[in-house]
Amino acid sequence: MNQHLHAILNPASIAVVGASSDPLKFGGRVIDYIVKHGFPGRIVPINATAKEVLGLPAFASIATAPGPIDVAVLAVPTPAIATALDECGRAGVKGVVVIASDFAEAGDEGKARQAELVEIARRYGMRIIGPNCLGFINPHAKLAATSSVALAVAPMLKGDLGIVSQSGSLMASMVSNARDLGAGASIAVSLGNQADLEVCDFIEYLADDPRTRSIAVYVEGFRDGARFIAAARHCRAAGKPLVIAKAGVSDAGGIVTQSHTASLAGSHAVLEAVCRDEGVVLVDDPERAIMAAHMLGRWGAPNGDGVAIMCPSGGTLAIATDRVAGAGFRLPTLSPQTCARFAQHLPPTRPFNTLDFGGLPTQTSFAISMDALEWMRADPDVGIILLVVATSPQVNDKIRRWGEIAIAGDKPVVIVLTPGTLVDKGREALRELGCPFVNRMDDAIGVIRAALAYRACSTAIEQAQRPSDFGDVAQAARRLPDKTLTEHEAKTLLELSGVAITREIEVARANEAAAAAATIGFPVALKAVSRRLTHKSDAGAVKLGLRDERAVHEAIEQIGASIARFDPSLAVDAFLVQEMIAGELEMIVGARWDPDFGAVIAVGLGGIYVELLGDVQMARAPVSQAHAMQLLRALKGWRLLDGARGRSRLDCDALADTIVRVSWLAAELGAQLTELEANPVIVRRAGEGVVAVDARATLS
């Protein structure tokens with residue numbers, strides 16, 4: 001555990017620079033909350049004029065205050081922050097919270113101010129949380145070192161959920177939402193600009209913290225992708241679920257790229273792949289991150305993917321069943337023993353894996369509804385139970401008992417409290433028990449999806465092994481230009497990697513094309529070569545199935561006319577003559593360099609299906625053969641590869657091998673390979689191999 005950070009988050013003494021008795025001021029709220037929530041350590045108000053603040057003796061400066069002081073919250077205006085920080089350093093303060101804004105988020109001048117803060121802190125070996133943040137809370141230490149009005153509510157709820165947020169306001173909202181759901185915090189921290197301490201510092205700390213069972217994070221960007229991966233692995237090794245809600249998921253306004261791979265492998269798509277492979281659950285909302293982390297902290301990953309539904313209302317059950325089916329979740333196949341138990345008490349016309357236990361006599365309803373949960377939990381094909389609470393007799397008493405049964409077991413029970421204020425007593429009972437619950441079906445579907453995602457990513461990824469016949473791609477790349485490569489140049493890299501490519505000849509003059517075609521053997525394909533021409537088909541620069549020399553000559557004339565219409569300024573550098581390749585399916589295998597996470601690989605349905613379907617899976621490079629097969633099986637089009645509706649199974653092993661080799665190509669060239677795309681890769685029947693028919697790449 002980071003002992004320096006531990007001392008900051010669990011201080012014996014805390015100073016508030018800019019402390020005030022006025023609750024409308026930042027310094028007033030901070031010290032008010034520290035006092036109100038009962039911090040047992042030494043509280044030191046710093047105020048230039050006041051002799052006391054909230055009954056505590058105040059000091060004109062931190063230099064005149066009695067030491068030692070572990071943490072100082074700087075609640076002074078931006079122009080005074082640097083001076084206050086220097087005084088804290090000279091006083092031996094271990095860490096500071098800088099609430100003030102107008103730093104790096106405010107342009108070049110703000111960046112300079114922020115850099116000055118970091119320089120001062122490093123001079124004294126002091127750490128900074130912020131600036132532009134709302135501080136942190138530690139309910140176990142009864143410490144609310146924050147200016148957020150959410151902490152006006154007392155007392156804080158102690159718990160085992162670690163909360164980290166880049167946004168101060170969202171940290172407060174996440175704490176408030178967690179409290180409403182009965183999920184107490186172990187630590188909650190607002191990061192702000194992350195000038196010094198950043199999100200990974202706190203993820204790593206919480207992974208080591210014995211009071212934390214799960215972690216919910218809101219983040220807008222990572223300073224160091226490799227460190228995030230290391231922190232995620234730290235959580236995984238510690239057995240602590242890590243749930244991330246990230247802003248900025250769209251790539252709107254991003255750089256227009258030249259290949260399908262680059263557009264498919266956008267920044268959020270890369271993050272999704274990283275999270276999947278590193279055991280991190282990625283959700284779309286900070287509140288849902290709280291819900292998912294609370295549930296995963298309680299039960300961990302489900303041991304199966306069967307989602308059983310229980311409800312005392314037929315109509316509500318029908319809606320829940322539609323939602324579960326629409327989400328793509330699988331209903332379990334209950335064992336004969338489970339069905340026999342239900343059949344003794346329920347009409348035989350009712351299905352049991354979507355269980356309507358309503359309409360029973362009052363004297364038996366309570367007992368059966370409890371037994372039903374026990375029986376469902378004991379069934380081997382049930383991984384998660386969705387218990388949708390609707391109005392029924394003794395509903396609040398039932399909720400309490402359901403909660404007791406749920407937390408006594410090892411299978412997740414997602415309790416949805418639909419009746420509004422009618423079940424407020426039930427909500428309070430679940431809070432007291434520490435049993436997770438939600439109030440809306442949307443949230444129930446979200447946390448089930450999160451639990452199944454955590455289950456899916458709980459399997460360790462096999463170590464990738466470099467193919468023994470892999471060529472020296474780095475040396476080859478050094479001989480190529482640092483720009484957009486021609487198809488033939490890109491295929492040179494693929495061929496060195498061991499990827500099967502078409503037999504082809506590049507000729508400088510049109511009159512050499514027919515002779516090249518005769519050498520390869522008819523029929524052939526003919527393509528114009530130009531570094532300025534990215535998508536050759538758009539310009540009519542590709543002709544297929546040419547069966548004799550006359551057809552080649554005609555194709556050259558047609559290509560010239562098409563390019564002249566497309567772009568009169570476009571010069572043809574050469575012609576590429578290729579063998580024609582037949583196969584069963586077109587795929588795309590691509591790679592690119594991601595500025596946060598390094599080399600990434602992408603695979604999906606290729607050819608015309610790239611834009612139409614966007615069916616793609618990604619991973620950080622390099623990948624193993626087994627990992628490549630996982631990516632293929634995760635495609636919506638997997639059945640086309642696996643032999644759907646009587647079709648022959650295709651050569652998935654050869655396709656996976658191609659993915660492995662392209663991934664190693666990307667990994668070894670690193671940032672030099674901006675992007676690469678083999679599209680289409682023609683996939684033949686099992687045992688017949690695959691061939692990369694076209695390719696493009698950019699080196700930098």
Side-chain angles (χ1 to χ4, degrees), residues 255-265 470-508 513 516 525-539 541-542 559 563 566-567 569-579 581 587-595 598-603 606-607 610 621-622 658-659 661-682 690-700:
I255 298 173
V256 177
T257 54
Q258 293 186 333
S259 72
H260 297 114
T261 299
S263 58
L264 291 172
F470 198 83
D472 191 346
V473 294
Q475 182 178 3
R478 284 193 291 270
R479 294 194 297 265
L480 294 171
D482 289 341
K483 60 178 73 174
T484 300
L485 303 183
T486 66
E487 177 182 337
H488 193 59
E489 289 170 339
K491 283 181 173 175
T492 299
L493 295 175
L494 290 175
E495 189 174 29
L496 270 173
S497 304
V499 174
I501 63 170
T502 49
R503 288 186 297 117
E504 59 193 39
I505 300 173
E506 187 174 88
V507 296
L526 181 70
K527 302 176 181 179
V529 177
S530 173
R531 293 194 192 280
R532 290 179 51 204
L533 187 57
T534 302
H535 298 294
K536 295 183 284 290
S537 296
D538 294 346
V542 179
I559 287 174
I563 289 177
F566 180 76
D567 183 354
S569 69
L570 192 63
V572 175
D573 301 322
F575 287 93
L576 189 62
V577 184
Q578 290 179 346
E579 65 175 323
I581 295 293
M587 299 291 291
I588 179 173
V589 179
R592 81 172 179 90
W593 180 259
D594 182 82
V600 294
I601 184 82
V603 59
V610 178
T658 296
I659 295 167
R661 292 174 182 279
V662 173
S663 79
W664 276 100
L665 171 61
E668 296 211 349
L669 294 187
Q672 184 184 3
L673 183 66
T674 304
E675 58 186 2
L676 176 141
E677 174 185 300
N679 179 35
V681 174
I682 301 295
V690 304
V691 180
V693 172
D694 201 347
R696 61 174 61 93
T698 302
L699 299 180
S700 63

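Below, all heavy atoms of this structure are taken into account, side chains as well, without hydrogens, waters or symmetry copies.
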Undergrad: Ser530 and Leu570: which non-hydrogen atoms are nearest, and at how many Å?
TA: OG-CD1, 3.7 Å

Undergrad: For the NZ atom of Lys527 and the CG atom of Leu533, what is their distance to the nearest 0.5 Å?
TA: 11.5 Å

Undergrad: Does Arg503 have any salt bridge (charged side-chain N to carboxylate O under 4.0 Å, His left out) partners at least two apart in sequence or in another chain, and if so, which?
TA: Glu579

Undergrad: Quick one: side chain to side chain contact (heavy atoms under 4.5 Å, CB included) partners of Pro481, sequence neighbours excluded?
TA: Lys483, Leu485, Glu489, Arg531

Undergrad: Under the criterion side-chain contact (heavy atoms from CB on, under 4.5 Å), which of Val589, Val473, Leu676, Thr658 is the partner of Leu494?
TA: Leu676

Undergrad: Flag the pair Leu665 / Val499 as yes when at least one side-chain heavy-atom distance between them is below 4.5 Å, and no otherwise.
TA: no

Undergrad: Determine the sole option in Thr484, Leu673, Asp482 for which the side-chain contact (heavy atoms from CB on, under 4.5 Å) test with Thr698 is passed.
TA: Thr484

Undergrad: Which pair of non-hydrogen atoms, one from Ser700 and one from Ala671, has the smallest distance, and what is that distance?
TA: OG-O, 3.4 Å

Undergrad: Which heavy atom of Ile563 sits nearest a heavy atom of Ala528, and at what distance?
TA: CD1-CB, 3.8 Å

Undergrad: If you take all heavy atoms of Val577 and Ala516, which pair is closest and at what distance?
TA: CG2-CB, 4.0 Å

Undergrad: For Asp573, give me all partners under salt bridge (charged side-chain N to carboxylate O under 4.0 Å, His left out), at least two apart in sequence or on another chain.
TA: none

Undergrad: Are Glu487 and Gln578 close enough that some pair of their side-chain heavy atoms sits under 4.5 Å apart?
TA: yes

Undergrad: Enter the distance from Leu480:CG to Leu669:CG here, rounded to the nearest 0.5 Å.
TA: 9.5 Å

Undergrad: If we only count heavy atoms from C-beta on, is the Arg592 to Asp594 side-chain gap below 4.5 Å?
TA: yes

Undergrad: Give a yes or no answer on whether the side chain of Lys491 reaches the backbone of Val693 with a donor-acceptor pair at less than 3.5 Å.
TA: yes

Undergrad: Do you know which two heavy atoms are closest between Glu506 and Ala574, and how far apart they sit?
TA: CG-CB, 3.9 Å

Undergrad: Using side chain to side chain contact (heavy atoms under 4.5 Å, CB included), reason through Thr492 and Arg479 one step at a time and then give a plain yes or no.
TA: CA-CA 11 Å; Thr492 299; Arg479 294 194 297 265; over 6 Å; no

Undergrad: How close do Ala513 and Leu526 get, counting heavy atoms only, and between which atoms?
TA: CB-CD1, 4.2 Å

Undergrad: Before you tell me yes or no, could you show the steps for Met587 and Val690 under side chain to side chain contact (heavy atoms under 4.5 Å, CB included), namely the whole-Å CA-CA distance, both residues' side-chain angles and the distance that decides it to 0.1 Å?
TA: CA-CA 10 Å; Met587 299 291 291; Val690 304; over 6 Å; no

Undergrad: In Å and rounded to the nearest 0.5 Å, what is the CG to CG distance from Leu576 to Asp694?
TA: 8.5 Å

Undergrad: For the atom pair CG (Asp472) and OG (Ser497), what is the distance rounded to the nearest 0.5 Å?
TA: 10.5 Å

